[in-house]
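Heads up, the thing below is written out as structure tokens.
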Number of protein chains: 2
Amino acid sequence: MSTSRNHPYHHGNLRQALLEAALVILEREGEAGLALRDLARAVGVSPAAPYRHFDGKAALLEALAVTGFQRFTARMEDVAKAGFDDPMAAMGKTYVLFALENANLFRLMFSPRLRKNGRPGLRMAADAAFDTLRHIAGADVRAAGRIKALAAWARVHGLAVLLLDGQIALRAGEDTEALIAEIVGGL
Amino acid sequence: MSTSRNHPYHHGNLRQALLEAALVILEREGEAGLALRDLARAVGVSPAAPYRHFDGKAALLEALAVTGFQRFTARMEDVAKAGFDDPMAAMGKTYVLFALENANLFRLMFSPRLRKNGRPGLRMAADAAFDTLRHIAGADVRAAGRIKALAAWARVHGLAVLLLDGQIALRAGEDTEALIAEIVGGL
DNA sequence: ACCTGAACACCGTTCAAGT
DNA sequence: ACCTGAACACCGTTCAAGT
């Protein structure tokens, strides 16, 4: 999109354009395949231009990860509003499906390299997301206690990353979504 | 080690020296911080020398990950031989502790970038490791069925990566190992 | 057989300079 | 205020050439 070949860029919302293009490249190539120079090229701008909008590559990735947590939270709130019979199972399934549908973004959201970077934005976005989760899960979880809540989270998150990393072998004709429902059922 | 300043390297077991130095750098700097050129420098050899022993950086990382799965398997077999009251809980605890003690190696073992690379070595090492796990878990797991086994695996693996990524907040004065035991208990 | 030196095509980042 | 051009210090990888 926005392949205006008139006068290059010069102004417009470069920050947003970079984020959008970065998300596309991220999902297609993975974090390692996302080069700032390529990104600048894709958006039609010089290699130095992104530095007017982001402190560096890490800052851009962090911004991407923050939007990831926001989308994730929005998806979870939709589930809560829909009101399923088994809210915990519905949340778990949505959690795992979000990971599979946004594989590289999900990985980026939990990237230890970004956490190390010290910028508080990502930590805050993650905390907000998990607070929402706790809120949605509500009374059931509080009654069950912290250990059970952590165990449930670990099960769902573990299923997400094992599927993401191709570690769980599907049987012939087996449906991923059905398998998720089975494993996540009875939380 | 091996800082012989006589005649540079010329021969000796360069392959093994590279792997050993790579593991040290990996754990200290993470996968992103492991540069082939730095590694060659650290071992006292030219940037091109590693290519006589590995097809490229990916092949070296894969070899590292394979040794990771072998160490992991060995640890699990030790647990089986020790014979605990609750073998499943002991296995789970060992699984998570291995991840925490070999953080970047563990991450590398499950790196999707390496899986994509097509070399079968890593897949085979991983399969062998999980076969060993199934064998150790034994009759209990077979009786419980595949879904329960996958759910248990997901819980343990999820706990490992959530702790690794610093997502689980410890309470004041709380012991990591005790928390692991609680979450992994009753598998 | 194993390693070096130099080169190639890339990176991320910085900084003067342009508009 | 926002962007370019050129530079710097790095990468991974290749390849002729050395021993």
Side-chain angles (χ1 to χ4, degrees), chain A residues 2-22 25-26 28-65 104 108 111 113-114 116-119, chain B residues 2-22 25-26 28-65 104 108 111 113-114 116-119:
Chain A
S2 71
T3 35
S4 65
R5 58 174 59 84
N6 309 345
H7 48 175
Y9 230 91
H10 252 71
H11 79 205
N13 197 347
L14 180 55
R15 187 191 152 90
Q16 198 54 37
L18 286 169
L19 284 175
E20 284 169 16
I25 298 177
L26 175 70
R28 229 183 18 221
E29 318 275 357
E31 184 186 342
L34 177 54
L36 215 51
R37 290 181 97 110
D38 279 346
L39 179 59
R41 208 165 7 235
V43 145
V45 97
S46 89
Y51 289 85
R52 294 299 122 191
H53 301 273
F54 298 98
D55 276 359
K57 190 183 179 182
L60 190 151
L61 290 177
E62 195 206 353
L64 228 45
N104 288 326
L108 186 67
S111 161
R113 276 236 309 292
L114 285 188
K116 286 268 175 187
N117 260 26
R119 251 176 279 264
Chain B
S2 70
T3 34
S4 65
R5 58 175 58 85
N6 308 346
H7 49 177
Y9 230 90
H10 251 71
H11 79 206
N13 198 346
L14 181 54
R15 185 190 154 91
Q16 198 54 34
L18 287 169
L19 284 175
E20 283 168 18
I25 298 177
L26 175 71
R28 231 182 16 222
E29 317 275 358
E31 183 185 344
L34 176 55
L36 215 52
R37 289 180 98 111
D38 279 347
L39 178 60
R41 208 165 7 235
V43 145
V45 97
S46 89
Y51 289 85
R52 293 299 120 191
H53 300 274
F54 299 97
D55 276 0
K57 190 183 179 182
L60 190 151
L61 290 177
E62 196 206 352
L64 230 42
N104 287 326
L108 186 67
S111 162
R113 277 238 306 293
L114 284 188
K116 287 269 174 188
N117 259 27
R119 252 175 278 262

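Just the heavy atoms: all of them, side chains too, but no hydrogens, waters or symmetry mates, feed the values below. Reminder, nothing fancy here: chain letters follow the sequence lines and each chain counts from 1.
- The side chain of His53(A) places no N or O atom within less than 4.0 Å of a non-bridging phosphate oxygen (OP1 or OP2) of dA1(D).
- Rounded to an integer number of Å, the gap from CD of Glu29(A) to P of dC11(C) is 11 Å.
- In this structure, Asp38(B) places its CG atom 8 Å from P of dG12(D), rounding to the nearest Å.
- Listed nucleotides dT13(D), dC2(C), dG12(C) differ in distance to Arg52(B); the shortest reach to its side chain belongs to dC2(C).
- Atoms CG (Leu34(B)) and C1' (dG12(D)) sit 12 Å apart, rounded to a whole Å.
- Inter-residue side-chain proximity for Leu14(A) and Arg52(A) is flagged as unmet; no heavy-atom pair is nearer than 4.5 Å.
- The distance from atom CD1 of Ile25(B) to atom P of dC11(D) is 11 Å, rounded to the nearest whole Å.
- Note: CD (Glu31(B)) to C1' (dG12(D)) measures 14 Å, nearest angstrom.
- Using a 4.0 Å heavy-atom cutoff across all strands shown, Ala35(A) reaches sugar-phosphate atoms only and no base atom.
- Closest to the Ala48(B) side chain, of the nucleotides dC11(C), dT14(D), dT13(D), is dT14(D).
- Spacing between atom NZ of Lys57(A) and atom C1' of dC10(D) amounts to 14 Å, rounded to whole angstrom units.
- Atom CG of Leu36(B) is separated from atom C1' of dC10(C) by 15 Å (rounded to the nearest Å).
- In the set dC11(C), dC11(D), dT14(D), the nucleotide with an atom closest to the side chain of Arg41(A) is dC11(C).
- The side-chain heavy atoms of Glu29(B) and Asp38(B), taken from C-beta on, include no pair separated by under 4.5 Å.
- Comparing dT13(C), dT4(D), dC15(D) by their nearest atom to the side chain of Ala49(A) picks out dT4(D).
- Between Leu19(B) and Gln16(B) there is a side-chain heavy-atom pair separated by less than 4.5 Å.
- Listed nucleotides: dT4(C), dT13(C), dT13(D). Nearest to the side chain of Tyr51(A): dT13(C).
- Summary of the strand contacts: Ser46(A) and Pro47(B) both lie near DNA chain D, and taking for each the nucleotide with the nearest heavy atom, the more 5' one is attributed to Ser46(A).
- Across Gly56(A) and Tyr51(A), no two heavy atoms sit closer than the pair CA-CE2, 3.9 Å.
- Base pairing of dC15(D) is made with dG5(C), judged by Watson-Crick or G-U wobble geometry with both donor-acceptor distances under 3.5 Å.
- For Arg37(B) against dT13(D), a side-chain-to-base donor-acceptor contact under 3.5 Å is present.
- Atoms CG (Leu18(A)) and P (dC3(D)) sit 9 Å apart, rounded to a whole Å.
- When each of Ile25(B), Leu61(B), Asn104(B) is checked for a side-chain contact (heavy atoms from CB on, under 4.5 Å) with Glu31(B), only Leu61(B) meets the rule.
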